[in-house]
Structure formats: structure tokens, C-alpha cells
Amino acid sequence: MSIDKIKRTIIEIVSEVLQLDDSGYQNFKRQELPNWDSLKHMELILRLEETFHIQLSIAQVGAIDSVDDIETVVKQCLHEAQVGASDESSD
Amino acid sequence: MMKHHLAIIEHTEALLAQIPTRQTLAHIPSLPVNNRYKLRVERTMPFEWIGQLLTPFCHLWQADITIDYSSYDPSLSQTMTVGEGDENATIFWIDWRLYKDKMTAEQAVDWISERVKIISQQRAKPVLINNWFEHWDMGEKLFSPTLGERHWFRSLNKQLTAKLSHIASCELIDLAGWQVALEQPLYDGRNDELSNFPFSNHAATAIARHIAVHLLPALFKPRIKVIVLDLDDTLYEGVIGEDGSDGIALTSGHEQFQQLLLQLKQSGILLAICSRNEAGDVRQLFIDRHRDFPLQWQDFAVVCANWQPKSDNITTISEKLNIDPSDFLFIDDNGAELMKTVASYPQLRLLKAAKDGSITAQMLSHYPGLYQFRASQTDHLRNEDIQANETREQLKAQSTDQHAYLSALDIVIHIHVNHSPHKQRLYELSQKTNQFNLGLQRLSVIDIENMLQDPQYAIFSISLSDALSDSGIIGSVIVHIDDKDATIHELVFSCRALGRDVESVAFAHVLRHIVQEGVETLHVMTTDGPRNMPALRWLHRFTDGNNEQIELRAMYDKVQQVCANHPAEVKTGEK
């Protein structure tokens, strides 16, 4: 998945879950959005995981405080999955 | 309306054939709703990630759900202080792990049962409560079932099931069962640690769907009565007119689908065929394939195989069964055929069969309105009784007059008064009967239980049998007696019993009973509903439209006159 596509998908999910206007990529921060409460946070995680086929650790979930953080964590997970897959194929 | 049906057909497969993702659910457009329900969730763990997924599933049965949440309170003390609310049902959403080290499983079940009883009596609304699933951590593998942690949960589940079966309108959310059905763990340690939500995303969606398409429709709506089936490429693969009965294929998916239909038939749902085929070919199909088809010819209450428009055949099936098409589910692989038929019957429920029979089976197993909490006492009688109607019609045509016809039937009517073992059937009659239902009271089991305990109520349950079949309990009359005044709260008769004047004979008996109790004046509660005209017209014969302050003796004489020569034998008490 291209970087652009990852960003676009993330902002779509964030906008849908937090009911924001999808007006392009913005680095929304958790503390600035009262709607981004613990319930919505968990819903975001579940949506991200099923969309990108990844599993976030407790530490990664806790590290997310903004859209930029989401992007970092998602990329990290996708990279780990890629490395894991290539390790398996080289066995 | 047509757009609405089209949208439902379009989205049914995505919602019911597999467990959809949150992404899929978020993008399913809202459908029009005509019923709104409120749930109260008394919880000791989060329900939100399940509750937020209910809507698209509920839209399949045109319902909208709002949820009122309690705070997190392991003692559930709040439930004891909240009075009668406006919710339609209460869900107890309990993290049973909180109680495992504090009490025995038996104590936990006693503790929750007391709360459930109070709530269900206080609010007179149904209650759902979850059991618990087994999650084996590493250590669990080292211990026998009597030593491990699972022992407590197994014991809890067993006792909870037993206890709840005795509490009216209280049903189980069977998480233990879903752990097996899902074939993957319900438990998610990450979600549990982060939010005290012990379920995986996949499990949360499956549980939401179970609540929305199985449990809630079963609580709030009458069960579907008839499944009308197309044949070619629906019940099997192939076209009988082209491939012949030996050429069509019973794929493993279609076999699964037929097995499911057979189970539904055994649970009391009637099956009918509506197919564009030669009648002779269809009969021959069931003869030729009787060894491998799970469904046999006699499993169908009505078969309409001809070249008439399918809407005409729906009319025929409806007339033969005396059941309104709004209680039908019509399954056909041809979307255009479904849409044409629903244009004539907008209340018809539709399911578009998939090419793969196993997908149709999956969709059917999640179709709203088929789930059943408890077996009905008369389910097994229904199909035979309906089939006997055909013979009754022939007998009627051969008889010189109505009296000769009724005499030939050897009708026996049993009437019981305040017989509590009948309460489940009385509840079903109140919920399901549409045509011969004066008051449309739609009583809950709790309402009936309360009436049975109230000495001012006389509750008559009426059973019917004749030479051709045993119909079981087919009617009820609920009368409130206050000294010399009485009010008929409910009078219902199953459509299966109609056409033999049984309702008048039974009513005469009821009136005689209350005359003997010293009642002088009668009131009859009636409601003008969309389909209960037959009952209202019948009552009009005796009241001339005045349902208040009726002089009971005069009414009794009128009813008695109508059925004076009726040859039925009326018995009271136990059979």
C-alpha cells in the first residue's frame, strides 16, 4: 500500500469514527477533540486493525495521541508484517 | 417501499452470510424503520463496542434501537432503585470473572436471579442476560475440569440456564455457545487489558449480530410463520424442466440449506413451494429424490407449482393456510421475481437465494424473525393440522350442510381455567394471532403470569381436536371480574381453528362460567387493527357494535342461540 493511500485511509477512518468533516489530511490531536474519548479511541483501533490487517500492542495503542501518531504506528505494524512475511519466505 | 426492499435484498448477504467488518457496517446506508425500541443495559463491563453495531442489523427488520447505559457497578445496586422505565427490554451485561473469587457459582446465580426477578416484575419487560465463555490460559491445561478455573464458569452456566428457564421473559445471551460456534477465541487479552472488554473485534460483531437478528426480534416481534420457497437454483442446483429430476444437483450447500429448513419446520414454521414448473414434474422430483433430499413432499404444507405469477401463488398459499403474507418469508434466487411479488405484497419478507446453497443457509440461519427461545407446545401439531384442512375442505364439499360437516368431524373442545402450565402458549397466541384477536393486547409472559396470580382474573385456554387432527391450544379468553362487572381483556383464536364455529361454542362456555360467578355486566376491550376485522365482525353479531355495559345474560343467550345445535363436545379441566 502506498504512503498516500495509507494516509488517505487513516484520515477516512478518523473522520468517520470521530464524525469530522473529511477535508483532507490534518494532524488532529486527541486532546483537542472532545469527541476523541476512550470509547472512540478503542473504536478507532478496531477499525484500523481490521482495515490494515494489523494488530496493535498495548504500548502502541497507548502511544497514539494524534493522527500523525496513528500513521507512525500503522506504518510500523505494516513494516513488521512485511519483514515477518519475507523472513518466512526465506526459510 | 420498493427501494427499501431492494436495499434490504442488496445488503442481506453482506450482513448475514458472513460476519461483516466494522468498515462494512459503517458503510451500509440507513434503511427506513417503523419500530423503535429502547434497551436498558445494566452492566459490569463495556457494551458500547457491541451496542454501536446493532443498527444495520436491526434495520433488516425495520427496527431502530437506542441504548440507555447504567454505570459500572459490580453490585448492580442501581438496578434495585430504578423504577419502571420506558425501555422495552433490559440487558444484564455481566463480567462474571468479577464474582468468581467472591462467591460460589451457585451463590452468583442466586444473587443475579433475585435481581432479574425484581427487574422483570418491576418493569414487566423482557430481560436478557449473558453467561460466560471458557478462556484457557496456559495454566488451565494442567488442571482437571474440577480443579481448573473453568469449573466455576461451567457450573455457573449450567445453573444459570436452569434457573432462567423458570423466570418468565428472561432469556440467555449464550456467550459459551458462541465460543464454540465462532471456531475462534472470543477472548482478546489486549482489549481486556486496555478497556476491560474481553472480546475480540470479530467476536464483538458476532455477538452484536446475534443480539440484533436473533434475540431482539424474538423478544419484540411475532415469529415468521411460513417460509415460501422457489425450487430451481434455490432448493437445489439446476432447473428441473431442463435437467430432469435426476439431472439437478443436491450440492453440499443445498443439502445444508434443506436440513436447516427441515429443522425450522420441526420447530413449527410451515414450508410452502411457489415455483414456475409443471406440477407433475415437481411431484416426480420429490418421488425420485426422496432418498437424498432432506426435505420430503409431505414436509410442505402447500405446493403451488404452475405458471401463474408468483404473487397469485402467494395469495393461494395465504388463503390455504389462512395466514397473512406479512407472516411469510419468501426465498427465491431471482431478484426480479422477488421484487415483482413484493409489489403486490409490500409486507412480504424477502431473501434472495445465493448460487451457493451454503450461503443461503448462512443467511437463513441469521434471518431476523426465525429465532426461537422456547419450544411451543403446539409446534409439532401445526403442519399436520394445516394439512388436515385440505381433507376438511373435501369433507365440507361432500356434506349436505354445515351441521352434517361438523358432526362428521367429531369435534372435542377442552376448556381449562387458570391453568398455569399453559402460560407459554397463551403468550404465543397473544403475540402471534392477528386475525381473530379482539384487543391486540400483545401480552408478555409476565403479564400472563401476573394475571394468573390475580384472583380477579379468569383465564380460559381452549384446546381443540377432531377426527382429523389434534390442534392443541388454539384460543384464549382473559376476563377480569370485579363483582358484578367483567371485562374481556383478550379473546384470541388461532386461524387454524377457524371455520368450525369453535370460537362461538367456547365463548358460550366462557360466558356461562362468568354468569355463574354472578357477573351481570360485561365490557369487551377491542382495538381496530390492520388485520383483526374477522374477530371484530364476529363480536358485532352479539353486541351490535356496543362493547360497553353489555347485559351479560342477554349476550349469553345470543351466543348460545348461534351455537345451540353445534355438535362439538365440550370438556372442562384436564384432558
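So you know, we letter chains A, B, ... as the sequences are listed, proteins then strands, and number each from 1.
B/Leu54 and B/Ile67 make their closest contact through CD1-CD1, 3.9 Å (heavy atoms, listed as atom of the first residue, atom of the second, distance). Shown here for B/Asn157 and B/Ala176, the closest heavy-atom pair between the two residues is ND2-CB, 3.6 Å. Residues B/Arg209 and B/Ala17 come closest through the heavy atom pair NH1-N, 4.4 Å.
With sequence neighbours excluded, no residue satisfies side-chain hydrogen bond (donor to acceptor under 3.5 Å, both in side chains) with B/Lys355.
Heavy atoms closer than 4.5 Å to chain B are found in both the backbone and the side chain of A/Leu56.
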Report the donor-acceptor contacts between chain B and chain A below 3.5 Å as a table, one pair per row.
residue: B/Arg22; atom: N; partner: A/Glu50; partner atom: OE1; Å: 3.0
residue: B/Arg22; atom: N; partner: A/Glu50; partner atom: OE2; Å: 2.8
residue: B/Gln23; atom: N; partner: A/Glu50; partner atom: OE2; Å: 2.7
residue: B/Gln23; atom: OE1; partner: A/Arg47; partner atom: NE; Å: 3.2
residue: B/Gln23; atom: OE1; partner: A/Arg47; partner atom: NH2; Å: 2.9
residue: B/His27; atom: NE2; partner: A/Glu16; partner atom: OE2; Å: 2.6
residue: B/Trp49; atom: NE1; partner: A/Leu39; partner atom: O; Å: 3.1
residue: B/Gln52; atom: NE2; partner: A/Glu43; partner atom: OE1; Å: 3.1
residue: B/Arg190; atom: NH1; partner: A/Glu49; partner atom: OE2; Å: 2.5
residue: B/Arg190; atom: NH1; partner: A/Leu56; partner atom: O; Å: 2.6
residue: B/Arg190; atom: NH2; partner: A/Glu49; partner atom: OE1; Å: 2.9
residue: B/Arg190; atom: NH2; partner: A/Glu49; partner atom: OE2; Å: 3.1
residue: B/Asn201; atom: ND2; partner: A/Glu50; partner atom: OE1; Å: 3.2

**Prompt:** Do B/Thr360 and B/Asp356 pass the side chain to side chain donor-acceptor pair (under 3.5 Å) test, and can you show the C-alpha distance, the side-chain angles, and the key distance before you say yes or no?
**Reply:** CA-CA 7 Å; B/Thr360 316; B/Asp356 179 344; over 6 Å; no
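The aromatic ring centroids of B/His366 and B/Phe57 lie 6.0 Å or more from each other.
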